[in-house]
Q: 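Following this message is one structure expressed as structure tokens.
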Amino acid sequence: MPAARESLLDAAYAALGRRPWSAVRMVDVAAVAGVSRQTLYNEFGSKEGLARALVRREADAYLAGVERALVSRPEPRERLAAAAEWTASAARGNALVRAMLTGCWGERLPSLTLSAVPSSSAVPAQRRADGPLPSPGDLVALVRDRAVASLAGPGGSRSEVAELARACELAVRLGVSCVLAPVGEGGTARLVRDSLATVRSVV
């Protein structure tokens, strides 16, 4: 039932844009998605299950955007700048991505534990959502590691890969800092390019 699941997640995301998560009602989410409330419960198990699935989907979408950014430019420094710019842009447009990157969830968003919760779901996607959710540090590490994998050339020495990892982490952390203290459109990429130009790295 992937189509129904996506419709339910879309409806939940739209509802969260209009009201605090505490005021989002399962029956309304089901009605907007055009399915029964029982279908919603069969898919997610509970309102917390729905929230966890929504957070997992938004984290996956953010990371997919990072992957696209990392292949969008020919030069390594420009790739990292694009990934950082995507980070700031994604957080500006999505309260859940912002919360995941900063750890600042606020009263309007779901109150979730990041650790795994017991899951008896028969739905594989829900079992994954019931697993551990990424902390801000987890997301930084995931983006850093994806950047290193994207940029590391064959035959690089251990010290070169370590230097590349430091440059990638610097770029990611600069992107996250621009979530907390915005620098305007295009400013994140410029900040990353300028910062990487001043450090000794393989980028």
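Basis for what follows: all heavy atoms, side chains included, without hydrogens, waters or symmetry-related copies.
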Q: Looking only at heavy atoms, which two atoms of P124 and A122 are closest? And how far apart?
A: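 What the structure gives for the nearest pair is CD-O, 3.3 Å.
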Q: Check for a donor-acceptor pair, side chain of R144 on one end and backbone N or O of L139 on the other, with a separation under 3.5 Å.
A: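 No, the answer is negative, given that no donor and acceptor are paired below the 3.5 Å cut-off.
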Q: Check whether more than 12 heavy atoms from other residues, nucleotides or ligands sit under 6.0 Å from atom CZ of R193, and answer yes or no.
A: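 Atom CZ in R193 is crowded, with more than 12 foreign heavy atoms closer than 6.0 Å.
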Q: Do the non-hydrogen side-chain atoms of N42 and Q38 ever get within less than 4.5 Å of each other?
A: yes
Q: Might you confirm whether atom CZ of R108 has over 12 heavy atoms from other residues, nucleotides or ligands at distances under 6.0 Å?
A: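 More than 12 within 6.0 Å, yes.
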Q: So which heavy atom on P134 is nearest to which on L114, and how close?
A: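 For P134 versus L114, the nearest heavy atoms are O-CD2, 4.0 Å.
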Q: I need the single residue from L174, V172, L196 that forms a side chain to side chain contact (heavy atoms under 4.5 Å, CB included) with L80. Which is it?
A: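 It is L196, the one option of L174, V172, L196 that forms the side chain to side chain contact (heavy atoms under 4.5 Å, CB included) with L80.
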Q: Taking C-beta and beyond as the side chain, do P132 and D138 meet within less than 4.5 Å on heavy atoms?
A: no
Q: Would you mind reporting whether L50 and Y41 have side-chain heavy atoms less than 4.5 Å apart?
A: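 SC-SC contact between Y41 and L50 ruled out.
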Q: More than 12 non-hydrogen atoms from neighbouring residues, nucleotides or ligands closer than 6.0 Å to CZ on R92, yes or no?
A: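 Above 12, so yes.
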Q: Please check if the side chain of S150 supplies one atom and the backbone of R146 the other of a donor-acceptor pair under 3.5 Å.
A: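 Answer holds: no.
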Q: Start with the C-alpha distance between C168 and L151, add both sets of side-chain angles, then the distance that settles side chain to side chain contact (heavy atoms under 4.5 Å, CB included), and finish with yes or no.
A: CA-CA 9 Å; C168 291; L151 300 176; 4.0 Å; yes
Q: Provide the closest heavy-atom pair for A30 versus L8 in the form atom of the first, atom of the second, distance.
A: CA-CD2, 3.9 Å
Q: Between E6 and R57, is there a salt bridge with N-O shorter than 4.0 Å?
A: yes
Q: Please assess Q126 against R5 for the test side chain to side chain donor-acceptor pair (under 3.5 Å), listing each intermediate value before the final yes or no.
A: CA-CA 10 Å; Q126 190 57 40; R5 185 177 180 86; 2.9 Å; yes
Q: In plain terms, say whether D60 and R128 are close enough for a salt bridge, that is, a side-chain N and a carboxylate O under 4.0 Å apart.
A: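 Counted as a salt bridge, because a side-chain N and a carboxylate O are separated by less than 4.0 Å.
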Q: For a 4.5 angstrom cut-off between non-hydrogen side-chain atoms, does V55 reach W105?
A: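 Side chain of V55 against side chain of W105, heavy atoms only: contact under 4.5 Å found.
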Q: Which heavy atom of C178 sits nearest to which heavy atom of T188, and what is that distance?
A: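 Smallest interatomic distance, heavy atoms only, reads CB-OG1, 3.4 Å.
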Q: Could you tell me whether R166 and E169 make a salt bridge, using a distance below 4.0 angstrom between a side-chain N and a carboxylate O?
A: no
Q: If every non-hydrogen atom of T87 is compared with every non-hydrogen atom of Y62, which pair is closest and at what distance?
A: OG1-OH, 2.7 Å
Q: Could you tell me the separation between the CZ atom of R98 and the CD atom of E58, rounded to the nearest 0.5 Å?
A: 15.5 Å
Q: Any side-chain heavy-atom pair from W86 and L70 closer than 4.5 angstrom?
A: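 No, side chains not in contact.
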Q: Given 3.5 Å as the limit, does a donor-acceptor pair link the side chain of R79 with the main chain of R73, or not?
A: yes
Q: Could you tell me if the side chain of W21 sits less than 4.5 Å from the side chain of L109, heavy atoms only?
A: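 When only atoms from C-beta onward are counted, W21 and L109 do not touch, as no gap falls below 4.5 Å.
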Q: Start with the C-alpha gap between S119 and S121, add the side-chain angles, then the distance that decides, and say whether side chain to side chain donor-acceptor pair (under 3.5 Å) holds.
A: CA-CA 6 Å; S119 181; S121 178; 5.0 Å; no
Q: Mind listing the closest non-hydrogen atom pair of V32 and A11 along with its distance?
A: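 Heavy atoms of V32 and A11 come nearest at CG1-CB, 3.7 Å.
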Q: Find out whether P136 and L101 are in side-chain contact, i.e. whether some heavy atom of one side chain is under 4.5 Å from a heavy atom of the other.
A: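 P136 does not reach L101 side chain to side chain.
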